[in-house]
Amino acid sequence: MNNRLYGNLIFELSKEGRKAYSLPKNEFAKYSTKDIPASLRRAKDAEMPECDEMTVVRHYTNHSENNFGVNNGLYPLGSCTMKYNPVINEEVAMMPQFNNIHPSQPDCTCQGCLHVYYELQKQLAALTGLSEFTLNPFAGAHGELTGLMTIRAYHMSRGDNKRTKVIIPDSAHGTNPASAAVCGLEVVEVKSTKDGIVDVEDLKGLLDDSVAAMMMTNPNTLGLFEQQIPEITKLVHECGGLMYYDGANFNPLVGVARPGDMGFDVMHINIHKTFSTPHGGGGPGSGPVGVRAGLEQFLPNPRVRKDAEGKYHVDCDEHSLGFVSGWMGNFLVYLRCYVYILTLGKENVKMVGPLAVLNANYIKESLKDVYELPIDVLCKHEFVFDGLKDKSTGVTTMDVAKRLLDYGYHAPTIYFPLLFHESFMIEPTETESKDTIDGFIGVLRKIAEEAKTNPDIVKSAPHDTPIGRVDDVLAAMNPVVTYRQLIAENNQ
């Protein structure tokens, strides 16, 4: 077995007595562990691997080379906006003046950080057409929950407690209904038309005085712009509800259109998508929430204020919905976002949305003769194929995705959204060059040809990755997550 590619578990490299560290003499040896309550003491020593430093370094370095990220190549993961993260963002975020602060420092000792926080709120408000933002939520779904809590606080402040329903399109991200349920609200689904946009006639039958809000993503999950937004917002507002904008797909609108101008009252932004900060592997993320004028007082505490003398202060509002996080969000993520916006400037930020739309439509038009395009209209940042056009090959979307790995590309999102049986969702973002996109198109065309001439090579892919075709169902139903479980299964 090629150790560089496949590697062993660090426990398998362990040799008793080997060490990769040298610790000073234990000054606390005179104290007995018996002084620690039995409930807090281990019955036996922790089972840790014993390796020398070189083994540890080589082991994790080799494994790191099996990771794929946007710095390795094209990452066309639909609905995720995996754009390049400029190095200057990271350089500023690593400055000790920023990353060595403490959240409990007096305001007077961290004025620069509070300045970033305050100014970023203003920048986001300007880009979205809203009045004020909070940067406290830690993730997109956390932002959704915070936004819905803001809406609920608004209705309760008016004594309108019967508004407990949230209308959500059937094409929405799964976090929408989940966030509404966590907030204690009832989810009501509105159907899509055959063209993939909200069915306004179906919506009309759902509106009454129990509706708290309607959640929408625009462009929607199919990458289509909801052209009837003005009518939808008018209908929801007339019945007393508020409009919530899921900012997961805000990237193609940056510099072109603003949710606040469309009639949305509350929204969250996925900073780690639209504003180019790293994400993947569970974080770090962030989901700042913005509101229209008149809802600012309901945003969560704490908040950053600027006084008449230009000094920044952190305080709390008595009308706030309360606290949604331990402090004020992922500050270094927001610092990266702030640098990204300043680097682009007012003029160049206007190019983000149009270039994202151009790249997506270029790929769509270049491949729709060999991949099934269920809705053939102008898309925005992403689009969805319904598998290969030639269904007789028996090659599935999963097969195509696996085969892409052999050619060095990360696969797009597959089998989502659920509106199509063989969904294949592509989002190239605005940061990819035509050369890169042409290479991606060429490989997808080659795979379509392989599906006709040599389908077995596609169906058995991948062939050139550290791990070959796995049983996805078995891996999900019976994951091997510990070293001892692996040993036990190998001994069976």
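For the single chain, residues carry numbers from 1 onward in sequence order.
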Closer than 3.5 angstrom, by distance alone: can the side chain of Asp107 be matched with the main-chain N or O of His313 as a donor-acceptor pair?
no
Is Lys368 salt-bridged to Glu365, cutoff N-O under 4.0 Å?
yes
Does any non-hydrogen side-chain atom of Tyr362 lie less than 4.5 Å from one of Asp438?
yes
What residues form a side-chain hydrogen bond (donor to acceptor under 3.5 Å, both in side chains) with Asn251, not counting sequence neighbours?
Lys83, Glu430
By side-chain hydrogen bond (donor to acceptor under 3.5 Å, both in side chains), which residues pair with Thr61, not counting sequence neighbours?
none
Flag the pair Lys191 and Asp202 as a salt bridge only when some basic side-chain nitrogen lies within less than 4.0 angstrom of an acidic carboxylate oxygen.
no
Considering only heavy atoms from C-beta outward, does the side chain of Tyr338 approach that of Leu342 to under 4.5 Å?
yes
Calculate, to the nearest 0.5 Å, the distance between atoms OH and CG belonging to Tyr84 and Leu74 respectively.
15.0 Å
Pairs of donor and acceptor atoms involving the side chains of residues 92-101, under 3.5 Å and at least two apart or interchain, shall be tabulated with distances.
unit_1: Asn99; atom_1: ND2; unit_2: Met94; atom_2: O; d: 2.9

So, Glu296 side chain and Gly294 main chain: donor-acceptor pair closer than 3.5 Å or not?
yes
For residues Leu378 and Leu224, determine if any side-chain heavy atom of one lies less than 4.5 Å from a side-chain heavy atom of the other.
no
Does a side-chain heavy-atom distance below 4.5 Å link Arg258 with Leu253?
no
Phe424: ring pair (Phe, Tyr, Trp, His ring centres under 6.0 Å) partners, not counting sequence neighbours:
none
Keeping the roles fixed (side chain from Glu449, backbone from Arg445), state whether a donor-acceptor pair exists under 3.5 Å.
no
Spatial distance of atom CE (Met214) from atom CG (Asp265) [nearest 0.5 Å]
13.0 Å
The reported gap from CE in Met267 to CG in Leu124 (rounded to nearest 0.5 angstrom) is 8.5 Å
Applying side-chain contact (heavy atoms from CB on, under 4.5 Å), can you list everything that pairs with Lys194, at least two apart in sequence or on another chain?
none
Determine whether more than 12 heavy atoms belonging to other residues, nucleotides or ligands lie under 6.0 Å from atom NE2 of His421.
no
Pair Lys459, Asp399 - check salt bridge (Lys or Arg N to Asp or Glu O under 4.0 Å), show working.
CA-CA 5 Å; Lys459 292 179 180 181; Asp399 298 330; over 6 Å; no
Tell me whether the centres of the aromatic rings in Phe383 and Phe385 are closer together than 6.0 Å.
yes
Determine the interplanar angle of the His410 and Tyr75 rings, folded into 0 to 90°, and report it as parallel if under 30°, tilted if 30 to 60°, perpendicular if over 60°.
parallel
Phe331: ring pair (Phe, Tyr, Trp, His ring centres under 6.0 Å) partners, not counting sequence neighbours:
none
Would you confirm whether the ring centroid of Tyr244 sits within less than 6.0 angstrom of the ring centroid of Phe264?
no
Show, in sequence, the C-alpha distance, side-chain angles and deciding distance for Arg303 and Asp315, and conclude whether the salt bridge (Lys or Arg N to Asp or Glu O under 4.0 Å) test is met.
CA-CA 6 Å; Arg303 300 165 73 179; Asp315 61 24; over 6 Å; no
Roughly how far apart are Thr134 OG1 and His268 NE2, rounded to 0.5 Å?
13.5 Å
Could you walk me through whether Lys389 and Asp369 pass salt bridge (Lys or Arg N to Asp or Glu O under 4.0 Å), step by step?
CA-CA 7 Å; Lys389 203 161 192 175; Asp369 62 319; over 6 Å; no
To the nearest 0.5 Å, atom CZ of Arg305 lies from atom SG of Cys316 at 9.5 Å
